[in-house]
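Taking it in order: structure first as structure tokens, then the write-up.
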Amino acid sequence: MSALRTGIIGTGISVNHAAALQAIPGVDLVGVDDIEPDRAAAFGAWFAIPRHAPDLESVLASGLDAVTVPVTPRSAVATIRVIEPVLASADPKGES
């Protein structure tokens, strides 16, 4: 079985997330993106993440199996409120 290719979107509070992902056998942390490309590059260098994308579309298009979006509890609530309606309206079979 090949490794699960993961990425991180946003580096603000992601230090523990990156360390945890790198500690899991069978998980490769291969991409990072941040709204500030210089922060993504520095974070990528610090954790030896091979790909730090200049924009969100690039990191999502790089063939990742999963991403983590570390957010504060308050931001998590807001994110869930935005995502839930999108998921509820999605076709579970992936058909358009």
Side-chain angles (χ1 to χ4, degrees):
M1 184 171 131
S2 61
L4 182 71
R5 295 171 42 83
T6 63
I8 293 178
I9 308 298
T11 62
I13 60 170
S14 300
V15 172
N16 291 334
H17 295 263
L21 287 169
Q22 289 182 329
I24 300 171
V27 173
D28 288 339
L29 180 54
V30 298
V32 62
D33 174 59
D34 192 274
I35 196 166
E36 296 181 25
D38 291 342
R39 262 190 1 196
F43 192 89
W46 180 265
F47 284 97
I49 300 170
R51 182 177 182 90
H52 41 87
D55 55 60
L56 179 60
E57 290 76 20
S58 295
V59 78
L60 294 177
S62 67
L64 299 176
D65 300 310
V67 296
T68 182
V69 185
V71 295
T72 63
R74 180 181 166 108
S75 297
V77 170
T79 302
I80 290 167
R81 290 179 63 191
V82 169
I83 291 173
E84 281 181 335
V86 174
L87 294 177
S89 67
D91 180 352
K93 294 181 183 178
E95 300 171 356
S96 298

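On a predicted model such as this, the values are computed, not experimentally measured, just so you know.
- A heavy-atom distance below 4.5 Å is found between the side chains of Leu21 and Thr68.
- A donor-acceptor pair is defined here as one N or O able to donate and one able to accept, closer than 3.5 Å; no such pair exists between the side chain of Asp28 and the backbone of Val30.
- Side-chain heavy atoms closer than 4.5 Å link hydrophobic residues (I, L, V, M, F, W, Y) into clusters, and following such links, even through other members, never connects Trp46 to Ile35.
- Interatomic distance, CD of Glu36 versus CZ of Phe43, reported as 14.0 Å (0.5 Å rounding).
- The nearest pair of heavy atoms linking Ala19 to Phe47 is N-CE2, 4.0 Å.
- Under the 3.5 Å distance criterion, the side-chain polar atoms of Arg39 are left unmatched by any main-chain donor or acceptor of Thr11.
- His17 NE2 to Thr6 OG1: the interatomic distance, rounded to the nearest 0.5 Å, is 12.5 Å.
- The shortest side-chain heavy-atom distance between Val32 and Asp34 does not fall under the 4.5 Å cut-off.
- With contacts defined as side-chain heavy-atom distances shorter than 4.5 Å, the pair Ser58/Arg51 qualifies.
- Ile9 CD1 to Asp33 CG: the interatomic distance, rounded to the nearest 0.5 Å, is 5.0 Å.
- In this structure, Gln22 contributes its side chain and Leu29 its backbone to no donor-acceptor pair below 3.5 Å.
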